[in-house]
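Throughout, residue positions are numbered sequentially from 1 according to the sequence presented. Computation of the quantities below employed the complete heavy-atom set of this structure, encompassing side-chain atoms and omitting hydrogens, waters and symmetry-equivalent molecules. Every number for a ligand or one of its atoms is a count from 1 in the order of the listing.
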Amino acid sequence: MRVLIIGSGGREHALAWAIAKSPLLTKLYVAPGNPGTAALAENVPLRALDVEGIVKFALEQKIDLVVPGPEAPLVAGVADALAAAGIACFGPSAAAAQLEGSKIFTKEVADAAKIPTAAWEKFTDAEAAHDYLDEVGAPIVIKADGLAAGKGVVVATTLEEAHEAVTAIMEDKVHGAAGASVVIEQCLVGEEISVFALCDGEDALFFGAAADHKRVGEGDTGPNTGGMGAIFNPPWATQEVLDRAMEETIRPALKEMVRRGTPFRGFLFAGLMVEADGPKLIEYNVRFGDPECETVLPMLSSDLLTALKAAAEGRLSEVKAEFAAGGSATVVMCAKGYPGAYATGSEIYGLDEAGAVEGVTIFHAGTMADQGGFLANGGRVLAVNAVGVDLKQALGRAYEAIGRLDWEDGFCRRDIGRRAVGI
Ligand code: AMP
Ligand code: GLY
């Protein structure tokens, strides 16, 4: 098979790493890719959002399957454009990608399908939103309806913070049009998990669970990021929770999308809060998580491409996903200043030494190749994954690898997985 992956982060490096192992693969391209994917595939200088260019390239190169990594090209309709050109794509249509593109859409789907989620109201009028806050009080969660680069959610612990969020999103329009409507919802309490399912429109296959670490600071402090690290199968993702997640939050959503005439194909990522009485939906994403992807795929023992191909062809029931026993952890190395302003261009040394630690795979997230070496070229720069007999060993190996890296401008959280292993 000739495969094209779209994207340039650590998630896409991990997808390329897993797909490169497939006996079905004959040629792998990544658009635009990064120095990590360059070692496994041919990078193509096309932007992820260049839908026209991607379709043209896929036709010219007779691509059998396109695998989009990030949500933006999906929301922009890359799967629809590829379908119109007769090219298979493992990703949802723009209509189905609204599960991530609009928080109001997600909540409407959840209500229609009786998916357990936080009680909510939608507002297009700031004054009405302020009045509602005074009525319900804090803690409360305010969400800009549209895509806001992961920054559109405010979990307000005080009423003052909640009013400030409404003012910022609806009146000061800090997220532009994405904040024209907001969802105000009940604050859920518990441990979070990311649950992944491979979907072929009707059917879903459990594809791993992980816990992300979203805040930049140790002890879950400071601003939200894209994700500072993840652990595979945290202890609060019990079999019962995972079964309920599939039955109560994934399958009903697929059914509702079929009912609406916009079946969902691709990775469905349910962000869940495990409350005392079970998992509750926080949000859907229409793609694999990052750094969850770099954490889950190293544990996958069955063939990824075989599963993606079956899902893209609507034959998901014919394949299985198998995961190794043991632990997996990813620690993200970021440029100092992230998620705020950061510098690029500093040299990273010691990648070979770090990658030589047993069980370790280093995925490039934001690097640039330079005269045989690598320079930092993003906020999240490296995703250092390690697998081990258990989570504790995996974490030890990941931090040992990080200890071998020599990058003055980099930092990471030192407490990834700490709550899960109880140290
Ligand atoms: P999002 O940008 O949608 O991924 O949301 C960011 C984070 O906000 C989530 O990972 C949760 O930690 C938190 N969050 C969102 N909705 C809720 C909620 N209803 N209750 C508690 N926390 C929430
Ligand atoms: N790590 C969370 C996400 O990919 O949205």
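Distances from atom 16 (N) of ligand 1 to the heavy atoms of Lys143, Glu283, Lys103 show the closest one on Lys143.
Here is the list of ligand 1 atoms found below 4.0 Å of a heavy atom in Lys214: 4 (O), 10 (O). Ligand 1 places these atoms under 4.0 Å from at least one heavy atom of Val155: 8 (O), 13 (C), 14 (N), 22 (N), 23 (C). Each of the atoms 20 (N), 21 (C) of ligand 1 lies under 4.0 Å from some heavy atom of Cys187. Near Glu185, the atoms of ligand 1 lying under 4.0 angstrom from a non-hydrogen atom of the residue are 16 (N), 17 (C), 18 (C), 19 (N). For ligand 1 and Met273, the ligand atoms under 4.0 Å from any heavy atom of the residue are 21 (C), 22 (N).
Contacts between Leu188 and ligand 1 below 4.0 angstrom, taking non-hydrogen atoms only, involve backbone and side chain alike. Under 4.0 angstrom from ligand 1, the non-hydrogen atoms of Gln186 all belong to its backbone.
If you look at ligand 2, the protein residues with a non-hydrogen atom under 4.0 Å away are Asp212, Gly226, Phe269, Arg287, Gly289, Asp290, Pro291, Glu292.
Judged purely by distance below 3.5 Å, without hydrogens or angles, the side chains of Ser181 and Lys122 never pair a donor atom with an acceptor atom. In the model, Glu292 has a side-chain atom that pairs as donor or acceptor with a side-chain atom of Ser194 under 3.5 Å. When only modelled atom types and interatomic distance are considered, Asp145 and Ser102 share a side-chain donor-acceptor pair under 3.5 Å.
Here the protein heavy atom with the shortest distance to atom 12 (O) of ligand 1 is Glu192 OE2, 2.3 Å. At the shortest separation from atom 7 (C) of ligand 1 among protein heavy atoms lies Asn224 ND2, 4.3 Å. Nearest non-hydrogen protein atom to atom 5 (O) of ligand 1 is Val153 CG2, 3.6 Å.
Of the possible donor and acceptor atoms, one in the side chain of Asn34 sits under 3.5 Å from a partner among the backbone N and O of Ser8.
Every residue two or more places apart in sequence or in another chain that forms a side chain to side chain contact (heavy atoms under 4.5 Å, CB included) with Ala144 is listed here: Ile169, His175. Qualifying side-chain hydrogen bond (donor to acceptor under 3.5 Å, both in side chains) partners for Arg413, counting only residues two or more places apart in sequence or in other chains: Asp220, Asp415.
Listed here is the closest heavy atom pair of Ala88 and Asp64: CB-O, 3.4 Å. When all heavy atoms of Ala138 and Leu159 are compared, the pair lying nearest together is CB-N, 3.5 Å.
In this structure, the ring of Phe411 has its center no less than 6.0 angstrom from the ring center of Tyr338.
Residue pairs meeting the salt bridge (Lys or Arg N to Asp or Glu O under 4.0 Å) criterion with at least one partner in residues 296-314, sequence neighbours excluded, are Lys309-Glu313, Glu313-Arg315.
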